[in-house]
Asks: 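Next up is a structure, given as structure tokens.
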Amino acid sequence: MKGYVNPKDIEFAFLEEMGQISVIPKPGHRAVRPSDLNLTPPYAGIPAILVQDGEIQDNVLRLLKIDREWLWMKLTASGVTRDLLANVSLALLDANGNIHIDWNNDPTQGAHQPQANNLRNQIKQSLKKDRSLQEPEFADDYLRPFK
């Protein structure tokens, strides 16, 4: 349940009041942390939301002292044009100054796919992602009433 297959790898296990199980593994079986290797990972921070549901978040831009010109330069470099802005679910700015784009209609997180923009294709993609649905025609049968 906690990721340990062999009980011999566990030093202590506790059943908490709320029904949760807490596990303390033996030293040789715990996950390696950066500090174990004398590494200091770079600060990741919390990403800032610059675009949400196709709308530029001007209040965030003001807080970060970023202008729209800079934002459009970054968005354009990431494949977002003014025509496609409405298809951007989220545009995030990370602590390193990189922009990450989440498209509304792209379950694989690639470039904008106009053919996937309709509800039928979105549902079909969602059903195909479910590993329990191995039959390729299942999505078509499920959606047949909506044709």
Asks: Return the OH to CD1 distance between Tyr4 and Ile10, rounded to the nearest 0.5 Å.
Replies: 7.5 Å
Asks: Per the side chain to side chain contact (heavy atoms under 4.5 Å, CB included) rule, which among Leu75, Leu84, Leu90 passes with Ile101?
Replies: Leu75
Asks: Is there side-chain contact between Leu50 and Val60, with at least one heavy-atom pair below 4.5 Å?
Replies: yes
Asks: Go through the steps for Val51 and Leu85 under the test side-chain contact (heavy atoms from CB on, under 4.5 Å), then give the verdict.
Replies: CA-CA 9 Å; Val51 177; Leu85 183 63; 3.8 Å; yes
Asks: To the nearest 0.5 Å, tell me how far Asp94 CG sits from Ile99 CD1.
Replies: 8.0 Å
Asks: From Phe12 CZ over to Lys26 NZ, what is the distance, rounded to the nearest 0.5 angstrom?
Replies: 10.0 Å
Asks: Is there side-chain contact between Leu92 and Asp102, with at least one heavy-atom pair below 4.5 Å?
Replies: no
Asks: Honestly curious: do Trp72 and Trp103 fall in one hydrophobic cluster under the side-chain, below-4.5 Å linking rule?
Replies: yes
Asks: Nearest 0.5 Å please: distance from the CG atom of Leu37 over to the OG1 atom of Thr40.
Replies: 11.0 Å
Asks: Step by step, would you call Leu64 with Leu93 a side-chain contact (heavy atoms from CB on, under 4.5 Å)?
Replies: CA-CA 10 Å; Leu64 297 174; Leu93 176 66; 4.0 Å; yes
Asks: Go through the structure and list residues passing side-chain contact (heavy atoms from CB on, under 4.5 Å) with Glu69, not counting sequence neighbours.
Replies: Asp67
Asks: Would you say that Phe14 contacts Ile24 through its side chain, given a criterion of any heavy-atom pair below 4.5 Å between the two side chains?
Replies: yes
Asks: How close do Ala44 and Ala95 get, counting heavy atoms only, and between which atoms?
Replies: O-CB, 3.3 Å
Asks: I'd like to check Glu11 versus Pro27 (side-chain heavy atoms, cut-off strictly below 4.5 Å). Are they in contact?
Replies: yes
Asks: State, with a plain yes or no, whether a side-chain heavy atom of Tyr43 is found less than 4.5 Å away from one of Asn96.
Replies: no
Asks: Check Asn104 against Ala86 and note the closest heavy-atom contact, atom names and distance.
Replies: ND2-O, 3.2 Å
Asks: So which atom in Ala91 and which in Val88 form the shortest heavy-atom distance, rounded to 0.1 Å?
Replies: N-CG1, 4.0 Å
Asks: Do any pairs count as a salt bridge (charged side-chain N to carboxylate O under 4.0 Å, His left out) and have a residue in residues 37-59, sequence neighbours left out, and if so which ones?
Replies: Asp58-Arg68
Asks: Can you confirm whether Leu63 is buried at CG, in the sense that more than 12 heavy atoms of other residues, nucleotides or ligands lie under 6.0 Å from that atom?
Replies: yes
Asks: Please identify each residue that fulfils side-chain hydrogen bond (donor to acceptor under 3.5 Å, both in side chains) with Asp36, with sequence neighbours left out.
Replies: Arg30
Asks: Is it possible for you to say whether Leu71 and Ile49 belong to one hydrophobic cluster, with membership spreading through side-chain heavy-atom contacts below 4.5 Å?
Replies: no
